[in-house]
Amino acid sequence: MQEPRGAETVSWLRRVFPFGVPGVAPAVVALAAVALAAGVYRVLHGGHALFPDGAAGWSFAILTGLVVVHLVALGRDRWWGGTGSGAALTLAILLLYGWVPSVLVSLAVVTLVGAARLNRWRQALVHGASDILAVGGAALTLGLFEVSASVEDPWTPADWDAYAVPELIGAATVYLLLSRALLWCCFASPAADLVGCARTALLRQGLVVVALLGISPLIVVVGVHMPLVLPLFAVPLIALDSTLWIARARAEEQLRDPLTGLPNRQWLMQRARSALGEAGRAESRTALLLIDLDRFRSVNDTLGHPAGDRLLLQIADRLRAVLPRGAEAARLGGDEFAVLLPRVDSTTSAQRVARHVVGALGSPLDLDGLTLVLEASAGVAVFPEHAQEAEGLLRRADVAMYEAKRDRSGVEVYEATRDGNTPDRLGLLADLRRALDAGEVELHYQPKVGFDGRVLGLEALVRWKHPDRGRVPPDEFIAIAETSGLMPRLTEYVLETALAQVARWRAAGLTVPVAVNVSPRDVRSPGFAGAVAARLARHCVPPSALQLEITEHVLLEEPQRAADTLAALVGHGVRMSLDDFGTGYSSLVHLRRLPVGELKIDRSFVARLAVDPEDAEIVRCTVDLAHSLGLQVVAEGVEDDETWERLRDLRCDAVQGWLVAAAMPPVEATAWLRSRGAGPAKPRALPAAPLRGADQPAL
């Protein structure tokens with residue numbers, strides 16, 4: 001399908017002027033060309049000269065040449081066209097000889113400087129056009145004060161009176177504001193931070209105002225009375241430009257990290273806003289990577305902060321070296337870095353870049369003869385999928401980075417389901433808090449049985465039926481509780497409810513133990529073991545009737561504190577079970593350190609046990625390993641007779657799953673236990689149940 005003709009025109013204009021707000025730059029150039037042609041025609045038609053001759057004309061021409069040589073020698077791009085020398089000279093000629101001679105000087109400066117920089121001719125064209133319109137605006141301002149100058153009838157200092165001060169201020173202000181506004185529209189992204197840029201440029205533009213109001217009238221006076229010394233004004237004009245460049249350098253220093261030389265957070269946000277604006281117009285994607293070094297604090301604590309600084313310098317150098325073309329890096333503070341990818345094809349490509357960067361940062365580093373290996377974690381957020389503005393993109397990349405750090409996965413892409421700070425999830429968090437206060441969260445119980453049919457225990461699983469949303473998946477609201485700080489409150493609720501139910505069952509003669517899942521945050525909480533013991537005593541439940549299920553993640557952060565808490569729980573007589581075995585990291589190392597008596601094989605291995613030889617071998621090895629360590633083995637997710645038979649052949653100790661029974665509310669669980677109190681039938685003789693769906697263990 002062909003694009004409409006208007007789209008072809010915009011595309012052509014964007015190829016010629018590939019910057020700024022679409023259509024503004026060509027419009028400025030066209031309007032300036034019309035204004036210049038009209039002005040020249042009007043001057044010539046009136047019989048006036050375009051530029052003065054004689055000593056004054058040649059002196060101004062020489063001064064203009066010196067300014068051009070100076071600007072070319074700088075070897076730098078003009079910042080918004082903001083050199084004071086060109087502006088002061090242009091305004092001086094406007095005051096003395098009028099609009100057309102002033103425009104000719106401005107065009108001479110822009111044209112010659114642009115010719116010296118062949119790759120900047122488009123920018124030079126736009127700068128010249130903006131100057132033409134800005135000088136025209138200043139001339140109109142003087143016209144409002146009935147000031148009209150020409151080569152034959154200049155506005156000399158002899159004609160100045162007290163009213164000349166506001167006239168000069170008005171003309172200089174209009175010229176400065178109009179030229180900067182036009183250049184902003186032509187070159188700056190619509191998404192750029194106007195307030196931030198204006199704040200950064202304030203000092204420099206103030207110096208330009210000083211030049212316009214101070215140097216320009218002096219040039220006029222010398223041009224009238226001593227034109228031969230006009231070229232000497234090149235010295236103060238060059239000094240003014242040098243002052244402006246110093247001010248610019250200081251402003252740029254405020255956007256740089258003083259240690260690594262990388263851009264800082266302020267620069268990153270300004271650049272990200274610009275990149276998002278460009279990506280939005282091009283209907284493309286922009287990605288932001290947030291990178292944090294793992295265990296960097298231990299380097300500072302062990303080797304000292306100077307060594308840590310030298311290490312950060314190496315990290316910054318390595319980051320620069322591995323960045324793909326077009327990517328930009330920044331240091332946000334401490335050991336946290338960011339990478340902006342202005343254009344990416346997809347989320348997958350951004351994730352690929354993040355993995356490459358993380359892999360490069362994880363290579364060995366040499367620090368004063370000591371070889372160090374620092375791992376990094378990175379979070380990826382992509383526009384427009386994850387956020388529409390720069391601040392949101394950074395926050396979501398931060399969420400993903402902490403997920404990568406927590407899971408030890410290296411790189412994670414932002415997922416809204418794992419972000420507890422979205423409006424929807426914040427609302428769900430408030431509802432969950434109210435549900436806990438009102439006792440509306442329920443516990444269901446799923447049996448664990450041996451192959452001889454004996455009931456070995458029950459696992460307490462959390463269920464929540466929202467009044468408006470209906471049943472909320474356990475994974476969803478538990479993730480919210482973990483990321484929000486509500487997890488300790490939820491664990492207290494589950495323990496209290498489960499122990500109260502165990503007490504009721506024991507009073508009724510049912511002495512089955514109950515397992516409760518606890519999170520790593522619970523285990524690391526000070527006083528957790530004592531609180532569990534106090535609850536057991538309050539409900540008159542023996543410690544052997546409670547089993548706590550943990551995962552290997554309890555040792556990933558603050559391992560010593562977690563190990564002390566687990567040892568205290570075992571000391572109180574509470575039994576421990578390792579849940580989701582095989583899905584974490586360094587499983588054998590953690591298994592040796594954890595004081596557990598039971599190991600639960602994750603359902604991801606059990607589900608395909610009967611059809612996948614590799615999964616069958618993993619389960620066999622896991623059972624043999626656990627038995628060699630004196631541990632009982634429970635298989636989760638058993639849903640068919642064939643899996644039951646294979647697990648029995650592999651000498652697994654117990655099973656849990658829909659083949660045995662689904663998770664049941666307390667009343668049904670009580671009836672189920674009573675029906676099997678004297679000698680329950682073998683679970684494999686029970687009718688098969690539908691697939692588990694949402695009834696998987698969740699807490």
Side-chain angles (χ1 to χ4, degrees), residues 1-4 7-8 10-22 188-192 262-263 265 267-292 316 318-332 336-363 376-405 407 409-419 422:
M1 189 173 89
Q2 292 183 343
E3 292 182 353
E8 295 176 357
V10 172
S11 177
W12 177 83
L13 290 175
R14 292 299 290 166
R15 286 197 297 269
V16 177
F17 300 100
F19 38 69
V21 181
S189 166
L262 290 174
R265 181 184 295 267
W267 177 93
L268 176 70
M269 299 313 297
Q270 293 180 7
R271 181 66 186 92
R273 294 186 190 103
S274 177
L276 293 187
E278 295 169 3
R281 293 193 299 273
E283 296 183 354
S284 62
R285 290 179 175 86
T286 294
L288 187 63
L289 318 180
L290 196 63
I291 303 168
D292 187 84
R318 185 169 291 183
L319 192 58
R320 292 186 186 97
V322 301
L323 286 183
R325 184 176 181 181
E328 297 165 297
R331 183 189 178 206
L332 305 187
E336 196 171 55
F337 297 84
V339 174
L340 179 67
L341 304 175
R343 292 288 180 92
V344 291
D345 297 329
S346 63
T347 300
T348 302
S349 62
Q351 188 177 19
R352 190 181 305 117
V353 171
R355 292 197 181 281
H356 175 65
V357 172
V358 167
L361 296 182
S363 299
S377 299
V380 181
V382 179
F383 165 88
E385 286 89 341
H386 301 144
Q388 300 293 321
E389 71 287 336
E391 290 78 5
L393 203 64
L394 180 62
R395 192 188 67 77
R396 283 160 174 77
D398 187 58
V399 170
M401 183 270 291
Y402 276 104
E403 291 293 338
K405 186 178 285 289
D407 296 343
S409 57
V411 175
E412 289 289 341
V413 177
Y414 173 79
E415 294 181 12
T417 57
R418 305 177 75 178
D419 185 357
T422 61

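Just so it is clear, the structure is predicted and the values come from calculations on it, not from any experiment.
Atom CG of Leu288 is separated from atom CE of Met401 by 11.0 Å, given to the nearest 0.5 angstrom. His356 NE2 to Leu361 CG: the interatomic distance, rounded to the nearest 0.5 Å, is 9.5 Å. How far CD of Glu328 is from CG of Leu262: 11.5 Å, rounded to the nearest 0.5 Å. Going from atom OG of Ser346 over to atom CZ of Arg352 covers 6.5 Å, rounded to the nearest 0.5 Å. One finds the CE atom of Met269 at 12.5 Å from the CZ atom of Arg271 (value rounded to the nearest 0.5 Å). For the atom pair OH of Tyr402 and CG of Leu290, the computed distance is 8.0 Å after rounding to the nearest 0.5 Å.
Using a distance-only test at 3.5 Å, with no hydrogens or angles considered, a donor-acceptor pair links the side chain of Arg318 to the main chain of Ser363. Although no hydrogens or angles enter the test, the distance criterion places no donor-acceptor pair under 3.5 Å between the side chain of Glu403 and the main chain of Val399. Judged purely by atom type and a 3.5 angstrom limit, Arg285 has no side-chain atom pairing as donor or acceptor with the backbone of Val382.
A side-chain contact (heavy atoms from CB on, under 4.5 Å) with Leu332 is found for exactly one of Asp292, Leu394, Ile291, namely Leu394.
Using a 4.5 Å heavy-atom threshold, the side chains of His386 and Val380 count as separate. Side chains of Val411 and Val357 form no contact here, defined as non-hydrogen atoms less than 4.5 Å apart. Ser274 is not listed as a side-chain neighbour of Gln270, based on a closest heavy-atom distance of 4.5 Å or more. Between Glu412 and Ser377, the closest side-chain pair of non-hydrogen atoms is not below 4.5 Å. For the pair Thr286 and Glu278, the minimum side-chain heavy-atom distance is 4.5 Å or more. Between Arg331 and Leu319 the shortest side-chain heavy-atom distance does not fall below 4.5 Å.
For Ala387, the side-chain contact (heavy atoms from CB on, under 4.5 Å) partners two or more places apart in sequence, or in a different chain, are Leu393, Arg396. Arg343 meets the side-chain contact (heavy atoms from CB on, under 4.5 Å) test with Ala282, Ser284; sequence neighbours excluded.
Ala378 and Ala354 get closest at one heavy-atom pair: CB-CB, 4.5 Å. The minimum heavy-atom distance linking Leu340 with Pro342 is given by the pair O-CD, 3.3 Å. For the pair Gly280 and Phe383, the tightest heavy-atom approach, listed with the atom from each and the gap, is N-CE2, 3.8 Å. The minimum heavy-atom distance between Ser349 and Val344, with the atom names listed, is OG-CB, 3.9 Å.
Using a cut-off of 4.0 Å between Lys/Arg side-chain N and Asp/Glu carboxylate O, Arg273 and Glu389 are scored as not salt-bridged.
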